Each structure stands twice: as C-alpha cells, then as structure tokens.
Amino acid sequence: MASVPSLASTVQQRLAEGLSAALPEAGSADPLLRRSDRADFQANGILALAKRLKGNPRELATKVVESIPANDVLKEIEVSGPGFLNITVSDAAIVETLAARAADARLGVPLNEAAGTTVIDYAQPNVAKEMHVGHLRSAVIGAAMVEILEFTGESVVRRHHIGDWGTQFGMLIQYLIEHPHELDHKAEGADVEVSGEEAMSNLNRLYKASRALFDADEEFKTRARARVVDLQAGDEETLALWQRFVDESKIYFYSVFEKLDMDVRDPDIVGESGYNDMLQETCRILEESGVAVRSEGALCVFFDDIKGPDGNPVPLIVQKSDGGFGYAATDLSAIRDRVQNLKATSLLYVVDARQSLHFKMVFETARRAGWLNDEVKAVQLAFGTVLGKDGKPFKTREGETVRLVDLLDEAIDRASAVVREKAQDLTEEEIAERGAQVGIGAVKYADLSTSAARDYKFDLDQMVSLNGDTSVYLQYAYARIQSILRKAGDAEPAAHPELELAPSERALGLHLDGFGETIAETAAEYAPHKLAAYLYQVASLYTTFYSECPVLKADTPAQVENRLFLCDLTARTLHQGMALLGIRTPERL
C-alpha cells in the first residue's frame with residue numbers, strides 16, 4: 001500500500017525547486033499553487049516574493065520558468081499578467097498518476113502521519129423517549145466522521161452519551177412497580193424478536209401514564225421522588241427496573257439505527273449513568289485546585305468573558321446547592337475518562353449548535369483543570385437545525401415534533417417510487433432493497449452536503465431528485481458506469497499514457513487525482529460537506545465526459561481501454577467516497 005503523490009503536489013515540488021534554483025535568496029518560498037480555469041494550475045506566489053525581494057514580478061516569473069528543467073510532467077508554463085504562472089500538465093502525466101492510484105486498494109490516499117486517538121460523541125438519544133428529527137444530524141454527521149477519520153488512520157472510539165439518568169426515572173420506575181406488566185411483550189418467548197415499534201409503543205404508553213399520575217396524584221409524586229433517591233443510592237431492585245427501561249429503549253434505538261444503515265454497538269453506549277461513580281471526585285478535584293468555587297452553596301466555575309443579559313457573569317454550575325449534579329459534572333467526568341482511560345488526543349462532540357455556550361464553558365473548565373492542553377484538544381462539531389420546506393423548524397401539521405422513523409419510512413417510499421419508475425430488470429425484492437439504499441442515502445446526503453453549522457431544509461422531493469446535487473444523482477452515475485463495464489465484453493480497463501486526452505477526459509482525470517487531498521482536508525476540518533461537494537463534482541464531470549466521449553464505440557481499441565479505465569476509477573472513487581459518508585452505491589438501478 002503506497003500513497004500516490006497527486007499531480008498538484010508534484011507540480012508544487014517542481015516549482016519550488018525552480019524557485020530555489022532561480023532565486024536562492026528567496027529561501028523556501030511557497031509557489032501558492034491552485035487549480036485554475038485558464039490552465040490546469042495557477043501559481044500566484046511570485047507576486048508576494050517580488051515585493052519582498054523588491055524585484056519586477058514578471059521578470060522573476062520568467063527567470064523561474066527558465067530554471068525549471070524539461071520534464072515529463074509539465075507540458076507548458078506561461079507567464080501571465082503581472083507574474084502569475086499558468087501551468088498545463090501533460091496528458092501522459094495525468095494517466096500515469098491515475099494508473100498508480102488505480103493500482104492501490106486505497107486509491108493512493110495516504111494515511112495521516114500524525115494520526116492519534118479521537119473519541120467521537122454522537123447519536124445521543126434519550127432512554128424511554130422517542131427519537132425525533134432533532135436526533136438525525138448528530139447520528140448522520142458523527143457516523144460519517146467516524147468512517148472518514150478511520151480511513152485516514154486515526155484510532156476512533158465511538159461514544160453514544162445517551163440520556164439514561166435523572167429525575168424522570170423515579171416516576172417511571174415507581175409506576176412500573178405499581179403496574180408490573182406494563183413492559184411485558186405480546187409474545188413472550190425465547191426465540192421471539194421484539195420489534196422496535198413494539199418496544200417504543202410500550203415505553204410511550206408507560207411514560208404518558210406515569211406522567212399523568214405524577215401530575216395528578218401528590219402521593220404518587222412523593223413515592224416517585226423517593227425512588228430517585230433509591231436509584232442514586234444504588235438500590236438493587238430500583239437499578240434492576242431502571243435496567244429494564246434501558247434495555248427496552250435499546251431495542252428501539254437499534255431498530256432506528258439499523259434503518260439508518262448505521263452500526264451502533266453495545267460497548268459504545270456509555271450514557272450519563274456511566275460516569276456516576278466519578279462525579280464526587282470530579283467536584284473534589286475542581287474545588288481543591290481552585291478551578292471551581294462555592295457560590296450560594298453551589299459549586300461554580302466563573303468566566304470573565306461570559307456574561308448574561310444583565311451584564312453579570314454566567315457561571316457553569318457543576319454541583320447544585322442541594323448536592324445534585326448537573327450536566328456539567330457528567331460532561332467533565334466524561335472528559336476525564338476519555339483522556340485518562342481511553343488515552344484520547346482529540347475529543348469530537350457532534351452536538352446541536354444551541355449547546356455551544358455550555359460546551360465552551362465545559363472545555364475551558366477542563367483546560368483549567370489540566371485535562372485538556374496542547375496535546376489533547378476538544379472540539380464541538382456544532383450543527384444547525386432541520387427545517388421544513390417553509391424554512392421553519394420541522395413539525396407535523398399538528399405542530400408535533402416529527403418522529404424520525406416516520407421521516408425515514410417516507411424517504412424510503414419516495415425513493416422506491418423513483419427506482420420503480422426507472423427500473424428495467426429489477427425484481428420487487430430488488431426494488432425494495434434499492435429503495436431503502438436510495439432513500440436513506442438521500443436523507444444522509446442532504447444533511448452531509450450542507451455545512452454542518454448551517455440549518456437545512458428537509459425537502460424529500462428535492463432529495464430524491466435524479467437531477468441536481470443529490471445522492472441519487474451520484475448513485476445513478478455509479479450504476480451507469482457498472483452497466484458500461486458489464487457491456488464491455490472482452491475489452492478491459494487499461495491505462496494508455498501515450499494517448500491524447502479530450503478536454504472532458506482531462507477535466508475528469510485531474511479531479512479524480514484530488515481525492516486524497518480532499519479526504520485529508522475533510523478529516524482535518526471535520527467537514528464532511530467538502531467530501532460531498534467533491535463527489536458531486538466527480539459525478540458532474542463524469543456526466544460531461546460520458547456525453548462527449550464514446551466509451552465502447554471509441555475510435556481505437558486502446559482508446560476503448562483507456563476510457564474504460566477512466567470509468568472504472570471514477571466508479572471506485574465514487575464508491576469509496578460514498579461509503580465514507582455512510583451511503584450505499586447499488587450496482588444496478
């Protein structure tokens with residue numbers, strides 16, 4: 001497995017060598033290379049250099065060009081305007097670089113030499129509560145970042161910080177004690193699998209009934225509050241009933257994550273309860289080190305730059321005056337655990353942007369305590385809200401929050417209709433399977449192709465459209481290539497560097513060569529939308545190539561093979577890139 005230097009990095013190196021040869025006094029100056037519409041690349045670094053060396057930029061640029069020896073990569077370098085360099089690479093260099101990528105299982109994408117261990121906190125549903133549209137983005141963005149970072153060589157630890165603790169469990173457990181069969185299943189048997197829907201309807205029914213009783217019956221309310229104390233004290237019977245709620249909820253969670261085509265495993269679920277034993281010690285460390293102070297009985301951390309509307313400082317409350325612990329105590333204990341026990345070098349929190357202030361305060365507190373430092377960083381990958389077509393937060397017609405499972409089912413139904421309309425030789429079973437892959441892919445891509453920080457409109461008509469920036473467009477491009485490769489008969493994909501390339505072949509080839517750099521940028525910036533944008537461009541450039549360059553009816557056998565080679569590498573790039581976003585690429589559509 002060898003990483004393949006991209007043409008951009010090869011050109012950059014040749015220019016840098018030319019710069020040092022022509023202008024030794026320049027030191028190691030950056031040519032500032034970028035892709036260009038006028039040529040393949042443009043270098044703009046000579047303008048700044050000329051300013052520094054007090055020289056004429058055009059003369060310096062000419063001098064640099066003259067000092068670059070003839071080679072097989074650079075076909076032409078033109079000095080343009082006040083000293084820009086317009087660079088065209090040779091067709092042979094494009095094909096040879098792509099052939100080296102095609103020969104590698106990783107498509108020549110290098111591993112990150114500075115890889116460490118990242119703990120990603122994402123997909124955080126609440127026990128005994130239904131997952132709604134608000135849970136979608138954390139799950140989809142987090143799962144994509146897991147795949148992308150692992151592909152670059154990072155060790156990734158998944159963490160699902162589920163809401164499985166707190167006062168509402170006193171109410172639920174007390175109700176279950178008094179109504180012992182409420183969580184029983186219709187068909188109790190060792191080999192009967194309980195559906196996620198049945199598990200959720202049990203929990204919903206029990207939650208509503210216990211809430212109604214809690215609000216109406218003072219004596220029940222008192223018993224429920226006493227039960228919270230038992231839970232926090234670790235009473236065995238109470239903990240056993242609490243565990244039943246957690247297990248029932250997991251049946252439901254797993255059914256939703258499975259529909260989302262996401263891999264969520266039991267050991268990765270460490271909820272709020274997982275840090276209970278650390279809370280007292282976290283508070284003790286913060287108080288003894290002076291990071292937190294007592295204020296009106298509560299343990300607080302104050303910040304100079306964080307003030308409320310009244311101008312007074314807003315503290316982070318780690319422990320309440322009644323001795324109870326807030327979210328901050330749990331989040332800080334989780335940081336201690338992840339840094340000290342899991343040996344994390346990066347902590348990535350995929351959490352709603354509305355919690356940004358909380359996490360800013362938590363991270364700053366952890367820095368003051370020494371748990372975060374120059375070697376260990378924490379980042380919130382903050383995401384915006386899912387909006388309806390009207391641009392307002394997504395609700396049902398009745399004004400209720402949209403159930404996530406309903407949303408996914410509707411996406412699958414819409415996509416199945418699109419697949420059925422287009423399908424020529426698919427069975428009903430295949431249409432159903434492809435419908436799920438296209439529908440779930442559409443939902444994920446709509447989310448991931450938007451910068452996470454922005455809100456986005458949930459518009460299923462747009463999402464499952466065959467035109468425009470949608471996953472369906474990318475999936476059809478992939479399926480079309482597979483169809484061509486099947487029809488190729490005896491002709492095999494093979495690179496032919498001696499051939500002249502058509503403009504659309506060059507454009508596609510140069511873009512395919514940028515895959516490794518896109519992955520590195522996406523991983524470094526935690527920005528899956530950059531990978532999505534790159535893949536959409538791959539599909540668009542392929543569509544142009546396909547319409548302008550006959551593949552199986554090309555002029556010569558060598559040209560057929562070379563174009564099949566371009567098709568095959570395009571398909572592999574789409575397949576790998578989409579897999580990193582958690583999206584399937586069906587062979588036939």
Side-chain angles (χ1 to χ4, degrees), residues 111-122 124 138 141-142 145-146 148-150 152-161 268 270 272 274-295 299-307 313-319 325-353 355-383 452-453 520-527:
L111 291 164
N112 178 6
E113 289 170 9
T117 298
T118 298
V119 175
I120 302 191
D121 189 324
Y122 69 108
Q124 309 106 344
S138 174
I141 296 168
M145 283 316 310
V146 167
I148 291 162
L149 288 172
E150 282 187 337
T152 65
E154 189 79 3
S155 292
V156 176
V157 181
R158 301 159 166 84
R159 276 292 174 265
H160 307 295
H161 190 92
D268 305 334
V270 183
E272 293 167 6
Y275 305 101
N276 280 346
D277 296 346
M278 299 176 70
L279 301 179
Q280 288 286 5
E281 195 186 358
T282 297
C283 290
R284 181 183 63 73
I285 294 169
L286 292 173
E287 191 167 8
E288 286 179 3
S289 61
V291 172
V293 294
R294 292 279 164 191
S295 174
L299 186 63
C300 303
V301 183
F302 288 92
F303 310 87
D304 293 338
D305 60 336
I306 300 173
K307 294 185 169 64
V314 176
L316 181 70
I317 299 172
V318 185
Q319 189 176 21
F325 300 101
Y327 289 125
T330 308
D331 287 333
L332 288 162
S333 298
I335 289 177
R336 274 179 59 213
D337 174 58
R338 292 165 183 184
V339 173
Q340 292 164 4
N341 299 330
L342 300 177
K343 307 296 180 206
T345 48
S346 301
L347 305 176
L348 182 62
Y349 290 77
V350 187
V351 184
D352 191 313
Q355 294 188 44
S356 293
L357 180 61
H358 169 76
F359 279 100
K360 181 182 175 185
M361 293 160 87
V362 165
F363 295 163
E364 176 55 31
T365 300
R367 262 190 291 278
R368 291 180 189 179
W371 303 326
L372 298 176
N373 49 45
D374 293 345
E375 277 73 54
V376 186
K377 64 172 180 174
V379 177
Q380 182 194 356
L381 203 178
F383 56 81
E521 192 180 333
T522 299
E525 296 177 21
Y526 303 133

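The model shown is predicted, which means the values in this text are computed figures rather than measured ones.
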Next item on the list: Drop me the distance from F363's CZ to H358's NE2, to the nearest 0.5 angstrom.
Entry: 8.5 Å
Note to self: For V362, run the side-chain contact (heavy atoms from CB on, under 4.5 Å) check against L357, I335, V318 and tell me which one passes.
What the structure shows: I335
Checklist line | Heavy-atom pair of closest approach, residues A452 and L381 | finding: CB-CD2, 3.6 Å
Note to self: Please give me the minimum heavy-atom distance between M145 and A527, naming the atom from each residue.
What the structure shows: SD-N, 4.3 Å
Next item on the list: Quick one: do Q319 and E287 satisfy side chain to side chain contact (heavy atoms under 4.5 Å, CB included)? Show the steps, please.
Entry: CA-CA 11 Å; Q319 189 176 21; E287 191 167 8; 5.9 Å; no
Notebook entry, point to check: Side-chain contact, heavy-atom cut-off 4.5 Å: M361 with V301?
Noted result: no
Margin query: Is it the case that the side chain of K343 and the backbone of Q340 share a donor-acceptor pair, with hydrogens and angles ignored and the cut-off at 3.5 Å?
Written below: yes
Notebook entry, point to check: Would you say the side-chain atoms of T117 pair up with the backbone N or O of T345, donor to acceptor, closer than 3.5 Å?
Noted result: no
Checklist line | E375 to N373 - nearest heavy-atom pair and separation | finding: N-OD1, 2.8 Å
Next item on the list: Please report the closest heavy-atom contact between I317 and C300, naming both atoms and the distance.
Entry: CG1-SG, 4.2 Å
Checklist line | ring-ring contact (aromatic ring centres under 6.0 Å, His included) partners of F325, counting only residues at least two apart | finding: none
Next item on the list: Any chance you could measure D352, atom CG, to F359, atom CZ, to the nearest 0.5 Å?
Entry: 10.0 Å
Note to self: Is there a side-chain contact between T365 and F303 in this structure, where contact means two heavy atoms from C-beta onward sitting under 4.5 Å apart?
What the structure shows: yes
Next item on the list: Apply salt bridge (Lys or Arg N to Asp or Glu O under 4.0 Å) to D331 and list each qualifying residue two or more places apart in sequence or on a separate chain.
Entry: none
Margin query: Taking the side chain as everything from C-beta on, heavy atoms only, tell me whether L372 gets closer than 4.5 Å to L347.
Written below: yes
Notebook entry, point to check: Going through the distances and angles, do Y275 and H161 end up as a ring pair (Phe, Tyr, Trp, His ring centres under 6.0 Å)?
Noted result: CA-CA 10 Å; Y275 305 101; H161 190 92; 5.7 Å; yes
Notebook entry, point to check: CZ of R368 to CG of L286: how many Å apart, nearest 0.5 Å?
Noted result: 11.0 Å
Next item on the list: May I ask you to decide if the ring planes of H160 and Y122 are parallel, tilted or perpendicular, using 30° and 60° as cut-offs?
Entry: perpendicular
Notebook entry, point to check: Do NZ/NE/NH1/NH2 and the carboxylate oxygens of E364 and K360 come within less than 4.0 Å?
Noted result: no
Checklist line | Distance (rounded to the nearest 0.5 Å) between K377 NZ and D374 CG | finding: 12.5 Å
Check: For T330 and M278, what are the C-alpha separation, side-chain angles and deciding distance, and is it a side chain to side chain contact (heavy atoms under 4.5 Å, CB included)?
Finding: CA-CA 8 Å; T330 308; M278 299 176 70; over 6 Å; no
Item checked: Nearest heavy-atom neighbours spanning V351 and Q380 -> O-NE2, 3.1 Å
Notebook entry, point to check: Are Y349 and V379 side-chain neighbours, meaning at least one heavy-atom pair lies under 4.5 Å?
Noted result: no
Notebook entry, point to check: Which distance, rounded to the nearest 0.5 Å, do you find between the OG of S346 and the CZ of R338?
Noted result: 13.0 Å
Note to self: Determine whether W371 and T282 satisfy the following criterion, side chain to side chain contact (heavy atoms under 4.5 Å, CB included), listing intermediate values before the conclusion.
What the structure shows: CA-CA 11 Å; W371 303 326; T282 297; 4.1 Å; yes
Check: Is the shortest distance from a Lys or Arg side-chain nitrogen in R159 or D337 to a carboxylate oxygen in the other one below 4.0 Å?
Finding: no
Note to self: Using every non-hydrogen atom in the two residues, find where A353 and S356 come nearest and quote the distance to one decimal.
What the structure shows: O-OG, 2.6 Å
Checklist line | Between CD on residue E150 and CD1 on residue I148, distance to nearest 0.5 Å | finding: 11.0 Å
